[in-house]
Amino acid sequence: MVEAVRQADWDALSIRLSTAQVMINNLLIFVGTTFLVLVVPGPDFVLVTRNTLTGSRAQGYLTALGICASLVFLTALTATGVAAVIAQNDTMSTALRIAGGSYLLLLAWQLIGAARGRQAEAEAPVLKAAEPIGRGTTAVAAPPRQVIALPLVQGFLNNVLNPKALIFYLTFLPQFLDPARQILGQALLLGFLVVCCAAVWWGLYITIIGRLGRVMAKRSVRMWIDAGAGAALGALGVFILFGQL
C-alpha cells in the first residue's frame, strides 16, 4: 500500500515537472520569436533610428518608451477581449487601418519637411550664434525649444495605430495560451514579456547607434536621414492604406 502511494506521488511529481518543462520551453520559444519580430525593420525601426540619429539618445529612449507604452495598451486590449472585437468588426478594422496609414503619411510629410528645412539652412548665409552687445556681455542664440513628450507620443501612436501590431497580438499570443488555465493571467504574462523584450531590444539598439553622434552631427547627414525616414514611412503608410496586411 505504501509503495503504491509513493509511486503515485512520484508519478504526480513527474507530471508536474514535465508540465513545467513544457511551459518553460514554450516561454523560451515565445521570447525568441518575439525578439525576431522586433528586430525586423518596420515603422518603429525607422522612427527610433531617425529620432536617435537626428535628435539624441534621450529622444530615442523616449520614442522606445512610447512604443513600450503602446504594447502595454495592446496587451490590455487583448487580455480583456477588446482587440478580438476590433479585429472581427470590419468597420473598426478599416478605421484602424486608415488611421494608421494616415498617421504614417503625416509623419513622413513632417520628416520630409524637416529635411527641406535643413537643406534651406545649409544654403542660407551663416549667421553668428553670438554677437557682443556690450562690454563683457555676449548675446547667445537660444536653442530651439523642444517638446520632450513629442518622441514619446510619436512612439505610442506609431505602434498602436499599426494594424500589424494588433494582428500580432491576436494571432501569435493565443498560440501560447493554455485553455485549461486562466486566460487573463496568461495573456498579461505574455504581454509583459513582449514589453520586456521590446525594452531590452530598443535600449540596446539606441545605445549602440547613439555612439554615432559625431558623424550624425553634420547637417547634411541629418538631412538625408530625415528624407530617407520620411520616404520609408510614407511607403509603409501607402502599403497599410492600399496593400494587403
Side-chain angles (χ1 to χ4, degrees), residues 26-51 60-107 149-179 181-206 233 236-237 239-241 243-245:
N26 287 339
L27 287 178
L28 291 176
I29 294 174
F30 177 82
V31 170
T33 307
T34 300
F35 269 113
L36 290 177
V37 173
L38 287 171
V39 302
V40 174
D44 290 343
F45 182 87
V46 175
L47 184 62
V48 170
T49 302
R50 183 268 169 186
N51 285 352
Y61 291 136
L62 283 173
T63 307
L65 181 61
I67 294 173
C68 291
S70 72
L71 293 175
V72 173
F73 179 71
L74 290 174
T75 297
L77 291 183
T78 303
T80 56
V82 176
V85 174
I86 295 175
Q88 294 174 2
N89 188 301
D90 292 339
T91 302
M92 298 180 69
S93 297
T94 301
L96 178 63
R97 178 169 56 84
I98 293 175
S102 300
Y103 172 73
L104 289 181
L105 290 177
L106 175 62
L107 194 58
L150 183 57
L152 180 69
V153 175
Q154 286 180 342
F156 181 85
L157 293 178
N158 198 62
N159 196 60
V160 81
L161 292 178
N162 184 0
K164 289 188 175 181
L166 186 62
I167 291 175
F168 168 81
Y169 272 86
L170 291 177
T171 59
F172 183 63
L173 260 69
Q175 299 181 37
F176 294 86
L177 298 178
D178 184 0
R181 299 177 180 272
Q182 185 184 18
I183 298 298
L184 178 60
Q186 294 181 79
L188 292 177
L189 173 61
L190 294 179
F192 173 75
L193 291 177
V194 172
V195 175
C196 291
C197 290
V200 171
W201 159 245
W202 290 123
L204 290 175
Y205 177 71
I206 293 167
L233 290 177
L236 290 169
F239 176 77
I240 289 177
L241 282 173
Q244 294 182 352
L245 298 178

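All values derive from a computational prediction rather than experimental measurement.
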Closest approach of I206 and G60, non-hydrogen atoms and distance? CD1-O, 3.0 Å
Is a side-chain donor or acceptor of S70 paired with a backbone partner of I67 at a separation under 3.5 angstrom? yes
Tell me, yes or no, whether the heavy-atom count around F73 atom CZ, taken from other residues, nucleotides or ligands under 6.0 Å, exceeds 12. no
Exam field: side chain Y169 to backbone L71, donor-acceptor pair closer than 3.5 Å: yes
How far does CZ of F156 sit from CG of L62, to the nearest 0.5 angstrom? 15.0 Å
Considering all heavy atoms, the nearest A79-L184 contact: CB-CD1, 3.5 Å
CZ of F30 to CG of L190, rounded to nearest 0.5 Å, is 4.5 Å
Can you confirm whether N159 sits close enough to L74 that some side-chain heavy atom of one is under 4.5 Å from a side-chain heavy atom of the other? yes
For F35, I'd like to know if atom CZ has over 12 heavy atoms of other residues, nucleotides or ligands within 6.0 Å. yes
Return the set of residues passing side-chain contact (heavy atoms from CB on, under 4.5 Å) with V72 (not counting sequence neighbours), or none when no residue passes. V195
Starting at OH of Y61, measure out to CH2 of W202 and round the result to the nearest 0.5 Å. 13.0 Å
Measure the shortest side-chain to side-chain distance between L193 and T34 over non-hydrogen atoms and say whether it is less than 4.5 angstrom. no
Using a 4.5 Å cut-off on heavy atoms from C-beta on, say whether the side chain of F45 contacts that of V39. no
Where the side chain of N158 meets the backbone of L47, is there a donor-acceptor pair that is under 3.5 Å apart? no
Out of curiosity, Y205 OH to L38 CG, how far, rounded to the nearest 0.5 Å? 13.0 Å
Test T75 against V194 for side chain to side chain contact (heavy atoms under 4.5 Å, CB included), laying out the working first. CA-CA 9 Å; T75 297; V194 172; 5.6 Å; no
With the side chain counted from C-beta on, respond yes when L152 and T63 share a heavy-atom pair under 4.5 Å apart, and no when they do not. no
